[in-house]
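In this text, all values refer to a predicted model and were calculated from it rather than measured experimentally. For the single chain, residues carry numbers from 1 onward in sequence order.
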Amino acid sequence: SSSLGVPARFWGSQRGFGGPHPPFFPPRYVLGHEAMKRMQTSNVLVSGLRGLGVEVAKNLVLGGVKSVTLHDPHPATWTDLASQFYLREEDVGQSRAEATLPRLAELNSYVAVTSTREPLSQELLATFQVVVLTNSPLEEQLWVGDFCHSHGIKLVVADTRGLFGQLFCDFGDDMVVTDPNGEQPLSAMVSMVTKGCPGEVTCLDEARHGFETGDFVTFTEVEGMEELNRCGPVEIRVLGPYTFSIGDTSGYGDYVRGGIVTQVKMPKHIHFKRLRDALAEPEMMVTDFGKAERPSMMHWAWQGLHRFMHQHGRAPRPRHQGDAAEVVALTKEVAAGAELDEELVRELAFQATGDLAPVNAFIGGLAAQEVMKAVSGKFTPITQWLYFDALECLPEENRDSLLTEEQCRPRNSRYDGQIAVFGAELQAKLGAQKYFVVGAGAIGCELLKNFAMVGLGCGPEGSITVTDMDTIEKSNLNRQFLFRPWDVTKLKSERAAAAAREMNPALRVSSRTDRVGPDTERVYDDDFFEGLDGVANALDNVDARLYMDRRCVYYRKPLLESGTLGTKGNVQVVIPFLSESYSSSQDPPEKAIPICTLKNFPNAIEHTLQWARDEFEGLFKQPAENVNQYLMDPKFLERTLRLAGTQPLEVLEAVQRSLVSDRPRAWPDCVAWACRHWHRQYSNNIRQLLHNFPLGCCPHPGVALTRCPPQPLHLDYVVAAANLFAQSYGIAGSRDRAAVAELVRHVRVPPFAPKAGVRQVAHSRVHDGRLEELKASLPSPEELPGFRISPSKQREATGALLASYTNSQIHLQTWRAKTPFVGFSRAPSYYEVEWTLWDRFEHPPMHGRTRCSTKVVGGSTPLGSPPLTPLVVPPQRKSSRH
């Protein structure tokens, strides 16, 4: 997916970004402010505007560089339409660059997009910070590489041939990478530091420290060995998941307790060879360890291909044995003495005229991302060669008989670049496919573009249905490249379908606005799914993914599942009877915070954040929702009393407090409630902890209790909490601190009395008696006609109030304590017969009934006599993936 290029467009021009430029929020979150500023001063030249070049240019324009200049002196040809999605049939014969320019410029009005007819020259190249060459002859690459390297200009070379791709980067003799991975710096709590050479640091055993040998770290809040707090970043050597060494600590003081160790991102210097030298002494990035030997083979094969094209002025013909043999011979000359995989070289020659939109999207996304790395200094760049192939797409058996020279010859069709790789028969099959695209967001736009280019659903029997219930918002324009500013407020599915149809008028695409789910199964019914050849998910939530996965499993339809997060992405291909489904595996559970740690001994900032969130929900959201249900739902009490354990007591006590004991009548009551709540949380609870664990003791490893000195945040908390409480009851509040302070002086706070112990009462009669008391004390819904409490939501709460309240909570709670997944699945079996989630028992038609089937879910359906009535068992829903 070209979303690997992290394309992004403006979110709105009302807020500046260091000048007239808009705030490119998504890449700013990924790259950071300084990196974005460097990008917005960068001028980039993209030479070659076939399918690969337009992918690179599109991503750079979306990304927000200062300017993109398009260079391509050649006229557009009919075969360019195979993957150049910004060329139309009427553009054939015109300059590629000039025909593409207006459509690229529409993507982002804040990026200057121009074109030039000048031939490549040193004078032209000298005006750019980055040069990108696509589909360029090797002779041109060499002289451009020499000039750029000697003049400090970053160079990216990209090329694709059918299912093969090539990428090269030269970012100078000394490129400085400020942040190698873009991740947040790691930190851990220290539990012990030894004196010695080297000294060993042990972290709390709650979580692995996550550091790697060679990382640099700093220390803070270490007691005893305070020299660590004053030293600069030190290099570490990892000894285990909880330990590492830091050098000589024998001259330091004795470690007492505490301390936080934090990773420091150190600048990384990388030396790049010029292209001419890198050809002879290549450094390669391996992208598929199942093909670890192929990059070196392809490195020589590409050079042999360039020699053939230089000698003949053309690429080898599709599946032409003579041309392929000559490329093999030329490759042997280049790689004298090396052992070659001749079949691999021959396959590259066979596909030299191939032009596939999905491969261009992938390599183009990587190339654009490397440009962003070059100008921003963020993320580690490719050093220096990357070779890619997707030969798994070819037939595994009878390849030579299926892919003949006749099958792959040009037909003066817009799909000739694809026919050269897969043959005409497959192209006809693609045109007859019926696919369902669920979602028209960022990934949905990319899918529709690629489907239009490859001719999926473009035949008289084919079709594509895309559904999305959302409308286009301005914030969508940063990455959903099929939409334009004038599309805002229109339906995504309709505009995406129309844009894809412009790219290929033969595309038979229809749009819908029905969401997928149980409530639309009459729309997407049996007839709909049975008529599909496959489904492509482009969703943004786990529940919808799981639902579509269950539907595809039930109807035995292939599913293409994918997702992105910043610069990360995932793809899963689900094939009936061949692969596991999306629901068959799940991500490791997110690290949970123990309740005892969260409530009493927080020792990390995430503990205080989670505590503040729980506190907000428990005070201003959940009680109000329970009260409203009690007042509106006659069966609320009945359902509540059926809850397990102490839940009925907790719910009814909260309702009783909200309607009786804590219900405010005026603004002073709200202030009094907030004041008492502050004393309960930040005075009484702390005193109780100090009663149980005196000052200086360590109730939890690495945590020492201290007293919280008076702070202005105390009154901020009362002001914000009182206003939020008043909003819930529709009472006018006040943010006058002096007035609130005066009201607080008159609040009577019950004196604190420490509890010597906790007495557990397990007898249910005590609970039953208390429940009866609560039920009797509650006013009936008839006594409160029309009364409702407004639940506060964190997203909807008044910004200043929420910020003040949450900030106060976090600081006060902090003072309180001073503080790739690989899954394997085994098919279930019944005796010697293995069953999978794809299997089912077919029942013959019955009188007045249609043919039904019983789904085998994970092999758990019992075998034996068939049921008297045909039973349909839907695939079971498993836990969600995040």
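No donor-acceptor pair under 3.5 Å is formed between the side chain of Q480 and the backbone N or O of C445. Side-chain atoms of D80 come within 3.5 Å of backbone atoms of T77 as a donor-acceptor pair (strictly under, hydrogens ignored). R508 places no side-chain N or O within 3.5 Å of a backbone atom of S463 that could act as its donor or acceptor partner. With N541 contributing its side chain and A544 its backbone, the two residues share a donor-acceptor pair below 3.5 Å. Side-chain N or O atoms of N108 include one that pairs as donor or acceptor with a backbone N or O of V61 at under 3.5 Å. A donor-acceptor pair under 3.5 Å links the side-chain atoms of Y547 to the main chain of G517, judged by distance alone. Within the 3.5 Å criterion, the main-chain N or O of L532 finds a donor-acceptor partner in the side chain of K557. Remark: the backbone N or O of V454 is paired with a side-chain donor or acceptor of Q427 at under 3.5 angstrom. Judged purely by atom type and a 3.5 angstrom limit, N59 has no side-chain atom pairing as donor or acceptor with the backbone of V56. Side-chain N or O atoms of D468 include none that pairs as donor or acceptor with a backbone N or O of G439 at under 3.5 Å.
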Quick one: do S83 and D355 satisfy side-chain hydrogen bond (donor to acceptor under 3.5 Å, both in side chains)? Show the steps, please. CA-CA 7 Å; S83 64; D355 189 13; 2.9 Å; yes

Residues S581, S583; criterion side-chain hydrogen bond (donor to acceptor under 3.5 Å, both in side chains); working and verdict: CA-CA 5 Å; S581 71; S583 305; 4.8 Å; no

Could you walk me through whether K449 and E55 pass salt bridge (Lys or Arg N to Asp or Glu O under 4.0 Å), step by step? CA-CA 11 Å; K449 176 258 293 180; E55 283 283 357; 2.4 Å; yes

Which is it for D526 and Y555 under the side-chain hydrogen bond (donor to acceptor under 3.5 Å, both in side chains) test, yes or no, and what are the steps along the way? CA-CA 8 Å; D526 291 352; Y555 291 104; 2.2 Å; yes

Yes or no on salt bridge (Lys or Arg N to Asp or Glu O under 4.0 Å) for E106 and R103, after CA distance, side-chain angles and deciding distance? CA-CA 5 Å; E106 289 176 354; R103 298 178 181 109; over 6 Å; no

Can R551 and E521 be said to form a salt bridge (Lys or Arg N to Asp or Glu O under 4.0 Å), step by step? CA-CA 10 Å; R551 299 292 277 174; E521 288 183 2; 3.7 Å; yes

List the steps and the verdict of salt bridge (Lys or Arg N to Asp or Glu O under 4.0 Å) for D416 and R411. CA-CA 6 Å; D416 278 351; R411 286 162 168 76; over 6 Å; no

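For E461, the CD atom counts as loosely surrounded, since its 6.0 Å shell holds 12 or fewer non-hydrogen atoms of other residues, nucleotides or ligands. The environment of NZ in K434 is crowded: more than 12 heavy-atom neighbours from other residues, nucleotides or ligands sit within 6.0 Å.
Aromatic pair F164/Y387: centroids not less than 6.0 angstrom apart. Taking the ring centroids of F362 and F388, they lie under the 6.0 Å cut-off.
What you find for L507 and A452 is that their closest heavy atoms are CD2-CB, 4.0 Å. The minimum heavy-atom distance linking L87 with A99 is given by the pair CD2-CB, 3.7 Å. Contact detail for A496 and A440: the closest heavy-atom pair is CB-CB, 4.1 Å.
The aromatic rings of F528 and F436 lie perpendicular to each other, with more than 60° between the two planes, well past the 30° mark.
A salt bridge links E347 with R319: the closest approach of a Lys/Arg side-chain nitrogen to an acidic carboxylate oxygen falls below 4.0 angstrom.
Counting only heavy atoms from C-beta outward, the side chains of T69 and V44 never approach each other to under 4.5 Å.
Note that CZ of R50 is 7.5 Å distant from OG1 of T160, once rounded to the nearest 0.5 Å.
With D389 as the fixed residue, the side-chain hydrogen bond (donor to acceptor under 3.5 Å, both in side chains) test singles out one of K291, Q351, Q166: K291.
For K58 and Y86, the positive end is not near the middle of the six-membered ring at less than 6.0 Å and at most 45° from its axis.
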